[in-house]
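Below is one structure, written out as structure tokens; comments come after it.
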2 protein chains.
Amino acid sequence: MPVIFPQSPAYISGSMADKTKTTIHDIAKKLNVTASTVSRALHNNPRISEETKKAVLKAAKQLNYQPNQIAAALRHGKSHIIGVIVPTADRSFFASVVRGIEEIANKINYKVIICQSYDSYEKEVQTVEALVSAGVDGILASIGKNTTAFDHFKQAQAKGVPVLLFDRTTDELDVSQVMIDDHLGAYKIVEHLIQQGCRRIAHFTNPRKISIYKERLRGYQDALRDHDIPFEESLVVESNLQLEDGRNSMKKLLKLKKRPDAIFSASDYGAMGAMQVLKEQKIKIPQEIALAGFSNEPFTSFTDPPLTTVDQLSITMGNFTAELFFEQLQSDKKPIRQKTILTPEIIIRASSLRKENN
Amino acid sequence: MPVIFPQSPAYISGSMADKTKTTIHDIAKKLNVTASTVSRALHNNPRISEETKKAVLKAAKQLNYQPNQIAAALRHGKSHIIGVIVPTADRSFFASVVRGIEEIANKINYKVIICQSYDSYEKEVQTVEALVSAGVDGILASIGKNTTAFDHFKQAQAKGVPVLLFDRTTDELDVSQVMIDDHLGAYKIVEHLIQQGCRRIAHFTNPRKISIYKERLRGYQDALRDHDIPFEESLVVESNLQLEDGRNSMKKLLKLKKRPDAIFSASDYGAMGAMQVLKEQKIKIPQEIALAGFSNEPFTSFTDPPLTTVDQLSITMGNFTAELFFEQLQSDKKPIRQKTILTPEIIIRASSLRKENN
DNA sequence: GGTTAATATGTAATCGTTTGCGCAAAATAA
DNA sequence: TTATTTTGCGCAAACGATTACATATTAACC
């Protein structure tokens, strides 16, 4: 229910300035010089006398001058804006990556345009085109789940807009990539479970052909193998890894003749679903069944027991991605295509901690 | 540890296009017309023959033309970009609001620049200036905690950049505002606690002069009064409302001669801290002490018991803010300053549910 | 004093699109 | 047929900042 305010006098009377941004021409006129002199003065060009510079700076302040970046951008082809594409900005992980990118960008006076692809291929294509149109100086993207063709990124590159991928990447593009080592994260956490005495470790995974889930599965398998634990097909449950899926998967596993003594879910939500079922059935966590998830979602520290998980270094990833990008942007050499793989950290919490001191 | 890739041949050889965006002049040249004709054709101007239009569209597609929005923006003073300023983009609430804004903006082909003030006044000022410089068509902002002067926003308005505030707003500016009714949210949730049989309801609040906490406190007091429950100063605990603060506040309350039988925390984190302490001390939730928070942070549905809280309609707020903004932008009339107050929803969960059917 | 160099500023083109104005040619009206 | 309108397009000036090139003034040097 909107409340309509009475218009304030100031708003009506036009006592506010005349809605005209001042330009270098205004400053020039005031000082009886030309716009080029003003421009040079503002850029501290050595060919301008100190006297004039001071006068220009003073006038600029007086007139409350702010440069029109659009004009500047048009003139020299640099907008000082970078585009970031994420599947969705309100997932904690991506929100943090974006924050990490922004931190770096802001330091050197770059602005960030955030776009969401909603995992739609069409939207992703449009977004890339729009960003190119908007004249961004580069695109940092995490590709959508349904993207299998990459021409839109190639087009951007062809038009001189550098592209860099993070988290969800592909080798089909000639771009630098920043991601985390999903295999290692999974390996480490499964190893941890083994160290806690677990021997029948189940795994919740996703059937999609997305590399992250395949990597986590591989990490799980490799850790088992390296510790001489046989891999059992029946202990791997495929699903969408959401809360409900986790519940269903857990129920399914509880029906096995030989129950697992630990669950490693490739997502925290899946692990959370499992936790709910276990608690409902009064199965002790971690004594009877230990639990571990993946992603370090914010909620994992608030569950009871708190959930062991893998932190994906989201902020770091953002920082790193941005730093890499700006490095490549500044060096006028052809960017060196490189793949940076960050090492994830396992966060051990009570849901997997059977021994007191470990 | 970066992995350096071998450069792919394509990347070196320059087999990719020549990094030159095609312009309307390129199209014009190809068709032996002028750029103005091309421009008009692309804009479906009735003065251009169908024949020419078709030819232009075809050539545009062939040459992979994408308009340079920077040039267009310079020409007609509209960038089709809006700036959004939030204290921090990785807090669930703001991330969702931003998403809500983006949803609407995208529909009409607007891009969103996201900026974070980190609750720093200086950063906020800089950000506003930068956005004006960047030529945004408007600024949607949630003001920082430390902002008490608003000249930077006035300056933006003076330069013709409309401003609209959401969530954290102020009446000191001549702008439309979108927020939620904190008073009502608090009132409703306290009323709910009363209906559950609670009579000694404590409140965690924040001493800052931020209106949201004052409003929640008022809502709490009004609900008590309307149900003939005396207000007790000793049941109101001030803190920063973070997890630790909640723990401390709870411990403090447990030392009272007469313990409270419910806690309404102005933040979910505070409530979570209380929950931890109660569980440590084996105090039953909600039977002995019921709990309610505020904000509907994502973790609240995963606690044990799940936490009763107030949802702030973040996405809706974003949608609404953006819609309001674009309405005002489109109507060439002077924007009508209006205050929109959304009604929050209380989310009742087990932490406060004493009676089975309610 | 005349040539050269250094200094400080102006001129004008440019970035790519948009758009008011104008001008033919074609179409219609008288 | 002539007058008038309509149609289709070109011309050129914006938008605001930047910058290569030119110019004017002063200083410096032999």
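Because the structure is a prediction, the values reported are computed rather than measured. Chain naming here is simple, since letters A, B, ... match the order of the sequence lines and numbering starts at 1 in each. Heavy atoms only: backbone and side chains are in, while hydrogens, waters and symmetry mates are out.
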Nucleotide nearest [X] when distance is taken to its side chain, options [options]:
| X | options | result |
| --- | --- | --- |
| B:Ile48 | C:dG10, D:dG16, D:dC9 | D:dC9 |
| B:His25 | C:dT19, D:dC9, C:dG16 | C:dG16 |
| B:Thr37 | C:dT9, D:dG10, D:dG16 | D:dG10 |

Would you classify [X] as touching base, sugar-phosphate or nothing, given that sugar-phosphate means primed atoms plus P, OP1 and OP2, and contacts are heavy atoms under 4.0 Å?
| X | value |
| --- | --- |
| A:Val33 | sugar-phosphate |
| A:Asn32 | sugar-phosphate |
| A:Ser36 | base |

Interatomic distance, [X] [atom1] vs [N] [atom2] [rounded to whole Å]:
| X | N | atom1 | atom2 | result |
| --- | --- | --- | --- | --- |
| A:Ile27 | D:dA17 | CD1 | C1' | 12 Å |
| B:Ile24 | C:dC15 | CD1 | P | 12 Å |
| B:His43 | D:dG8 | NE2 | P | 19 Å |
| A:Asn45 | D:dT19 | CG | P | 10 Å |
| A:Lys29 | C:dG10 | NZ | P | 14 Å |
| B:His76 | C:dT19 | NE2 | P | 7 Å |
| A:Lys53 | C:dA8 | NZ | P | 9 Å |
| A:Gln66 | D:dA17 | CD | C1' | 15 Å |

First encountered from the 5' end of DNA chain C, between A:Arg47 and A:Thr34
A:Arg47
Side chain of A:Thr23, base of D:dC15: donor and acceptor closer than 3.5 Å?
no
Parallel, tilted or perpendicular: which describes the rings of B:Tyr121 and B:His152, with under 30° parallel and over 60° perpendicular?
perpendicular
Does a side-chain N or O from [X] land closer than 4.0 Å to OP1 or OP2 of [N], or not?
| X | N | result |
| --- | --- | --- |
| B:Thr52 | D:dC9 | yes |
| B:Ser49 | D:dC9 | yes |
| A:Tyr65 | D:dG16 | no |

Check this for me, if you would: do [X] and [Y] make a salt bridge, where the nitrogen-to-carboxylate-oxygen distance has to be below 4.0 angstrom?
| X | Y | answer |
| --- | --- | --- |
| B:Asp119 | B:Arg168 | yes |
| A:Lys154 | A:Asp174 | no |
| B:Glu102 | B:Arg99 | no |

Would you confirm whether the ring centroid of B:Phe326 sits within less than 6.0 angstrom of the ring centroid of B:Tyr110?
yes
